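Notes follow the structure.
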Amino acid sequence: MTATYYEVKISAENQEQAETILNSLLEKKLVTGGQFIVAPARFLWKDEINDMKEYVTVTSYTTDKHKEAVIADVRKTSVEEVPMITFVTADDLNQELRNWINTTLD
């Protein structure tokens, strides 16, 4: 059976929180690694517009085998009441990337 590959994006309120989330996922071999994208953010929360000078998105790769475990682990390690976890199916990956994901995540 062929794996389904995902690009994963996970929200974090700051760099320290992003590192905590990513380290937990890496220790369990649920994702391949991660990039931190830091930018200002504005969003609605409890009927109010919130501005954050620094908001972090962690991006990584995983497979369908680990998807539910990624969600469960982020819920445990995130301080956010609603952690944002998105999985985008990554169908068009080069073979080297597929091989690396498969080797890294068992």
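Each residue takes its place number in the sequence, starting with 1. Because the structure is a prediction, the values reported are computed rather than measured.
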> Which residues satisfy the salt bridge (charged side-chain N to carboxylate O under 4.0 Å, His left out) test with Glu81, sequence neighbours excluded?
Replying inline: Lys46
> For Gln95, what residues pass the side-chain contact (heavy atoms from CB on, under 4.5 Å) criterion, not counting sequence neighbours?
Replying inline: Arg98, Asn99
> In chain order, what residues pass the ring-ring contact (aromatic ring centres under 6.0 Å, His included) check against Phe36, with sequence neighbours excluded?
Replying inline: none
> Partners of Asn14 by side-chain contact (heavy atoms from CB on, under 4.5 Å), sequence neighbours excluded?
Replying inline: Glu16, Gln17, Glu54
>> Checking Lys28 now: which residues fulfil salt bridge (charged side-chain N to carboxylate O under 4.0 Å, His left out) with it, not counting sequence neighbours?
In response: Asp73
> What residues form a ring-ring contact (aromatic ring centres under 6.0 Å, His included) with Tyr61, not counting sequence neighbours?
Replying inline: none
> Which residues pass the side chain to side chain donor-acceptor pair (under 3.5 Å) test with Tyr5, sequence neighbours left out?
Replying inline: Asn102
>> Test question: given the 4.5 Å side-chain rule for I, L, V, M, F, W and Y, name all other residues clustered with Ile49, or answer none.
In response: Leu44
>> Parallel, tilted or perpendicular: which one describes the rings of Tyr6 and Phe87, with boundaries at 30° and 60°?
In response: perpendicular
> Does Ala72 have any side-chain contact (heavy atoms from CB on, under 4.5 Å) partners at least two apart in sequence or in another chain, and if so, which?
Replying inline: none
>> By the side chain to side chain donor-acceptor pair (under 3.5 Å) test, which pairs, at least two apart or in different chains, include something from residues 84-93?
In response: none
> Of all residues at least two apart in sequence or in a different chain, which pass the salt bridge (charged side-chain N to carboxylate O under 4.0 Å, His left out) check with Asp47?
Replying inline: none
>> For residues 32-43, which residue pairs pass the salt bridge (Lys or Arg N to Asp or Glu O under 4.0 Å) check, not counting sequence neighbours?
In response: Arg42-Asp51
